[in-house]
Amino acid sequence: QVQLVESGGGLVQAGGSLRLSCATSIRTFTNYAMGWFRQVPGKERECVAAISSRRSGTTYYATSLKGRFTISRDDAKNTVYLQMNDLKPEDTALYYCAARLALTWTPFASDYNYWGQGTQVTVSS
């Protein structure tokens with residue numbers, strides 16, 4: 001069974017930074033594409049960033065982030081990260097890690113097979 005566990009969320013001031021981690025139990029982690037999604041009440045879950053299953057492979061970012069976030073993966077640790085800089089109040093959301101058994105990334109939540117429990121990020125003004 002595949003399990004994903006997010007960590008690193010918390011309360012920060014606007015302009016601050018956080019690094020989210022997603023530890024997985026995926027033994028063949030290099031075969032999975034990974035994504036970070038976020039969701040707030042009243043809105044659909046949206047893809048923040050995604051990365052292909054190839055080491056140092058293709059990445060995707062939501063255009064609204066304007067280069068503030070960076071996704072990366074450490075295949076030796078079966079872990080994916082999301083570095084978030086210059087955080088804004090509108091970044092406040094529950095952030096989820098997702099995995100799919102495929103080489104390529106996708107921004108659509110329905111394409112991912114496994115999900116973590118989420119970690120809360122709250123950015124104050």
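- Note: F29 CZ to D74 CG = 8.5 Å, rounded to the nearest 0.5 Å.
- Note that the CH2 atom of W36 and the SG atom of C47 stand 11.5 Å from one another [nearest 0.5 Å].
- To the nearest 0.5 Å, atom CE of residue M84 and atom CG of residue L65 are 10.0 Å apart.
- With respect to the salt-bridge test (charged N to carboxylate O, under 4.0 angstrom), the residues D86 and K66 do not qualify.
- Atom CG of L87 sits about 5.5 Å away from atom CZ of F69, to the nearest 0.5 Å.
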For residues 14-24, tabulate all N or O donor-acceptor pairs below 3.5 Å that involve a side-chain atom, not counting sequence neighbours.
| residue | atom | partner | partner atom | Å |
| --- | --- | --- | --- | --- |
| S17 | OG | N85 | OD1 | 3.0 |
| T24 | OG1 | I26 | N | 3.3 |
| T24 | OG1 | N78 | O | 2.9 |

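- The two atoms that bring L103 and A33 nearest to each other are O-CB, 4.0 Å, heavy atoms only.
- Of all non-hydrogen atoms in K77 and T79, the two that sit nearest each other are O-OG1, 2.9 Å.
- Judged by distance alone, with hydrogens and angles left aside, the side-chain atoms of Q120 form a donor-acceptor pair with the main-chain N or O of A93 at under 3.5 Å.
- In this structure the side chain of M34 reaches within 4.5 angstrom of the side chain of Y32, judged on heavy atoms.
- Sparse packing is recorded around CD of E44, with 12 or fewer heavy atoms of other residues, nucleotides or ligands lying under 6.0 Å away.
- In terms of modelled atom types and a separation under 3.5 Å, the side chain of E6 and the main chain of T119 share no donor-acceptor contact.
- Y112 and R100 share no donor-acceptor pair across their side chains, judged by distance under 3.5 Å alone.
- The hydrophobic cluster containing L101 also contains L4, counting ILVMFWY residues as joined when their side-chain heavy atoms lie under 4.5 angstrom apart, directly or transitively.
- Of the possible polar contacts, none joining the T70 side chain to the Q83 backbone as a donor-acceptor pair under 3.5 Å is found.
- Contact between S125 and P89 at its shortest, heavy atoms only, is OG-CG, 3.6 Å.
- One finds the CD1 atom of I51 at 13.0 Å from the OG1 atom of T104 (value rounded to the nearest 0.5 Å).
- W115 is not connected to L82 by any chain of hydrophobic side-chain contacts under 4.5 Å among Ile, Leu, Val, Met, Phe, Trp and Tyr, and they are in different clusters.
- Proximity of a side-chain donor or acceptor of Y61 to a complementary backbone N or O of I71 within less than 3.5 Å is detected.
- No donor-acceptor pair under 3.5 Å is formed between the side chain of R38 and the backbone N or O of V121.
- We find the CH2-OG1 distance between W105 and T58 to be 7.5 Å, quoted to the nearest 0.5 Å.
- L94 and V12 are members of different hydrophobic clusters when ILVMFWY side chains are connected at heavy-atom separations under 4.5 Å.
- Under the 4.5 Å side-chain contact rule for hydrophobic residues, Y114 and Y95 share a cluster.
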